Amino acid sequence: MLVFRDFRDDVARASNGSRLVIKPSDVEIDSKGFADYVIRVFRYRHEDWFGSWFSAFSEAVRSLDFIERCELSGDYINISISGKSLFSTIKQSMDTVGVFPETFQDPDRVVVEHTSANPTGPIHVGRIRNSIIGDSMARIMSRYGYRVSTQYFVNDSGKQVMALYEGHKRFFPDSEMTVDNLMKGYQKIYSEMESLGGEDAVLGPLLKRYEIPDTALIEEIRGVCTIVLNSIRNTLLKLNIKIDDFVFESGFLQGEEIARAFEMLEGSLRAEGAARYVDTPWGKKEFLVRSDGTKLYLARDLAYHLFKADHFDVIVDVLGEDHKDYAKSLKYILSDLIGVDKKIEFLIYSFISLEGSKLSTRQGNIITVEDLITRADQEARKIIAGKQGEYSVEAMENIAKVVATNSVRFNIVRVNPQKPMVFRWEDAMNTDGDSAPFIMYSYSRAFSIMEKTRPSQKLSLEFDSTEKGLLWNMYLYADFIKRSVDSKRPDLIAFYLLNLTKAFNDFYSRCQVNVDDDGVRGRRLEITSMYSRIVRDAAGLLGMNVLDRM
RNA sequence: GGGUCCGUGGCCUAGUUUGGAUAAGGCACCGUCCUUCUAAGUCGGUGAUCGGGGGUUCAAAUCCCCCCGGGCCCGCCA
C-alpha cells in the first residue's frame with residue numbers, strides 16, 4: 001500500500017461531531033478547475049442548520065495548516081491546499097525514502113499472468129495489448145507495494161502445438177527447426193487437414209500419447225514450443241516486457257494439482273458417456289475430460305490455478321474478451337466448487353482489430369510486433385533527422401529506439417482496456433500531442449534546466465499559481481496509482497502522465513528557473529527536480545524510459 | 001436467436017463504477033510565440049442533438065427500459 005499524507009482525511013475529520021459528518025470519500029478531487037478538492041452539499045444547502053454548520057466547518061478547515069482556501073460556492077465547498085504544504089509533503093518523502101509516494105511493503109504476493117499466447121508463431125499487434133497491459137499492471141501493483149511476479153502459461157499440450165510439431169515432421173522433416181520453418185509446417189497442416197483425414201485422425205494419436213504419458217514425445221514438443229517461445233520472448237524484451245516465469249502446461253498433465261482438482265470436484269463432476277463436465281449456475285456445461293479419456297485445457301488450467309493459489313495470495317489473469325465467459329466459469333469452479341479462497345481477478349481487454357479486416361494467424365493476415373517496432377524505429381529516425389540538434393549516430397539510434405518502444409507501448413496502454421481499438425499506423429506512430437515523446441520531451445527539458453541552472457541553497461516558499469498547479473499534479477500521483485490498482489486500469493497512469501506533463505509545460509513556459517533571485521531559483525529548481533523524479537517513476541510504471549537528452 | 005462489451009466535434013481519446021458548476025485533452029484546420037532554461041513545445045480560434053427514443057430526478061454523457069450500429073462469446077479448441 002501507499003503511505004502519504006492524504007489531506008482529505010484531515011478535511012473530513014474537521015467535521016467530526018458536527019451535524020453533518022463528512023467522509024474522506026466525500027472530499028472529491030476537483031477536475032474542473034474550481035479548486036483542489038470539492039465537497040458537494042446540494043442536499044443540505046437549504047437546511048436551516050446549514051449556514052451555522054458551514055461556518056463552523058470552514059473555520060475548522062481553515063485552521064488546518066495546509067489549507068489555503070475553503071469557501072462555499074453554490075452547491076459546492078471549494079477547498080485548496082497551499083503550495084507550501086504540497087511541496088513539503090512531496091519533498092519530505094523524497095528526502096527521507098527517495099520516492100513519492102512512499103510504499104509500505106504489502107505482505108500479499110500477487111501473480112499476474114499475461115500474454116500466454118500459443119507458441120505457434122510470432123506475436124502480433126492483436127495480442128500485444130495483453131502483454132502491454134499485463135506488464136504495466138504488474139509494474140503498477142509492484143509500485144503500490146505488492147510482491148508481484150509475472151507468469152506466461154505456455155500451451156505445449158494442446159492441439160495447436162501438436163499441429164506445429166506434426167506439420168514440421170510431416171512436411172519439412174529435413175529443414176531446420178526455425179520459427180519460419182515451423183510456421184510453414186503449421187500453416188500447411190491446417191490447410192490440408194481435411195485431406196489428411198481431419199483433426200481427430202491427425203492429432204488424436206498424439207493426444208492419446210500425452211495421457212499415457214509419453215514423456216519423450218512431451219519433451220520433444222516442449223522443445224519445439226521453446227523455439228517459438230524464445231522468439232516471442234525476444235520480441236517482448238524489445239518492449240521492456242520481461243516475464244518472470246514461463247510455466248508449461250505439460251507440467252500439469254499428471255501432477256499433484258490436477259489430481260487434487262479432480263478430487264475436489266468429485267461431487268460436482270457429471271458424466272456424459274466417458275466424458276466429464278461440471279454444470280454452471282447459468283446453465284453451461286464445462287467439459288474437463290473428452291469421451292476418449294483425454295483431458296481438456298480447462299482441466300490443466302484448473303491445475304495451474306491451484307498451483308498459483310498455493311504460491312500466491314492474489315491471482316490476476318489478463319485475458320482477451322473472447323475469454324470472458326471462460327473466465328467466469330473458471331472462477332466459479334475454483335472458488336465455489338473447489339473452494340479456493342485466494343482472490344482471483346481478471347483484467348479483460350477488448351481486441352485490437354485491423355481497419356477493414358480481421359487479424360488472423362491462420363490466414364497470415366497479421367502485423368507482427370516486430371514489424372511494428374521496426375517501423376516505429378524508422379519513423380523515429382526520420383523525425384530526429386528533421387530536428388535541428390546535433391546527434392551522434394549512436395545517440396540518434398538510442399533515442400529512436402527508446403522513442404519507438406515508448407510510443408508503441410504508450411499508444412496501446414493509454415486506451416481503457418475495455419474499449420475496442422482499431423489499429424492504424426498513424427495512431428500507432430503518433431509522436432505529437434498526447435504521446436510518449438510529448439512526455440519524454442518535457443523530461444528532457446527539465447533535465448536540461450537542472451544541468452544549466454546554478455544551484456541555490458536558498459528556498460523561498462512563496463508559490464505562484466503555476467508552480468502550485470504543478471505541485472498539485474505531482475501530489476495526485478499517489479491517487480492515480482491507487483485508482484489504477486483498484487480498478488485494474490493501467491491507462492489511468494498514461495492519463496496521469498499527460499496531465500503531469502501539461503502542468504510542467506505550463507510551468508516551463510511561465511516560470512523561468514534560471515533567475516538571479518536565489519530564493520526563487522532554489523525553489524523552482526527543486527520543483528523541477530521533484531517533477532523529473534515523478535515523471536521518471538510514473539513512466540517506469542508503463543515500461544517507458546525517459547531520456548536526459550532528445 | 002441468447003449473453004456480453006462498446007458507441008462522446010471530421011478523426012482518436014478522457015469523463016460513466018459513486019448522477020450535480022461552462023462535456024475535458026489530442027489529431028486535422030486557421031492564427032500566435034524561437035536575442036529567456038530543448039519549438040517533439042506554447043498561447044488563441046473554428047468545430048459536440050454525448051448513436052436514437054422514452055423514463056426516473058430539482059438535476060442525466062453518467063441510472064432504468066426499448067431500438068439502431070459494431071466487437072466478442074455461445075466447441076468433448078485453447
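All values reported here derive from a predicted model rather than from experimental measurement. In what follows, every chain begins at residue 1, and chains take the letters A, B, ... in the order their sequences are listed.
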Q: Identify each atom pair where a protein N or O and an N or O of nucleotides 12-16 of chain B are less than 3.5 Å apart, giving names and distance.
A:
{"unit_1": "rA14(B)", "atom_1": "OP1", "unit_2": "Asn416(A)", "atom_2": "N", "d": "2.9"}
{"unit_1": "rG15(B)", "atom_1": "OP1", "unit_2": "Arg489(A)", "atom_2": "NH2", "d": "2.8"}
{"unit_1": "rU16(B)", "atom_1": "O4", "unit_2": "Lys419(A)", "atom_2": "NZ", "d": "3.1"}

Q: Under the salt bridge (charged side-chain N to carboxylate O under 4.0 Å, His left out) rule, collect the residues that match up with Arg300(A), sequence neighbours excluded.
A: Glu249(A)

Q: Produce the list of close N/O pairs, under 3.5 Å, pairing protein atoms with atoms of nucleotides 21-24 of chain B; give distances to one decimal.
A:
{"unit_1": "rA21(B)", "atom_1": "OP2", "unit_2": "Lys32(A)", "atom_2": "NZ", "d": "3.1"}
{"unit_1": "rA21(B)", "atom_1": "N6", "unit_2": "Asn78(A)", "atom_2": "OD1", "d": "2.8"}
{"unit_1": "rA21(B)", "atom_1": "N1", "unit_2": "Asn78(A)", "atom_2": "OD1", "d": "3.3"}
{"unit_1": "rA21(B)", "atom_1": "N1", "unit_2": "Asn78(A)", "atom_2": "ND2", "d": "3.2"}

Q: Residues two or more places apart in sequence or in another chain: which of them pass side chain to side chain contact (heavy atoms under 4.5 Å, CB included) with Ile449(A)?
A: Thr453(A), Phe504(A), Tyr508(A), Val513(A), Leu525(A), Thr528(A)

Q: How does RNA chain B look in dot-bracket notation if pairs are Watson-Crick or G-U with both distances under 3.5 Å, crossing ones as [ ], other-strand ones as |?
A: (((((((..((((......[...)))).(((.(.......).))).....(((((..]....))))))))))))....

Q: List for me each residue that meets salt bridge (charged side-chain N to carboxylate O under 4.0 Å, His left out) alongside Asp548(A), sequence neighbours excluded, and say none if there are none.
A: none

Q: So if I take residues 282-291 of chain A and measure heavy-atom distances to RNA chain B, which residues fall below 4.0 Å?
A: Phe287(A), Arg290(A), Ser291(A)

Q: With Asp36(A), which residues qualify under side chain to side chain contact (heavy atoms under 4.5 Å, CB included), at least two apart?
A: Ser80(A), Ile81(A), Lys468(A), Trp472(A)

Q: Under the side chain to side chain donor-acceptor pair (under 3.5 Å) rule, collect the residues that match up with Asn78(A), sequence neighbours excluded.
A: none

Q: Could you name each residue pair satisfying salt bridge (Lys or Arg N to Asp or Glu O under 4.0 Å) that touches residues 484-513 of chain A, not counting sequence neighbours?
A: Glu345(A)-Lys488(A), Asp434(A)-Lys502(A), Lys482(A)-Asp486(A), Arg489(A)-Asp491(A), Asp506(A)-Arg510(A)

Q: Got a sec, which residues hit salt bridge (charged side-chain N to carboxylate O under 4.0 Å, His left out) with Lys324(A), two or more places apart in sequence or on another chain?
A: none

Q: Suppose we screen for side chain to side chain contact (heavy atoms under 4.5 Å, CB included). Which residues come up paired with Asp322(A), at least two apart in sequence or across chains?
A: Phe351(A)

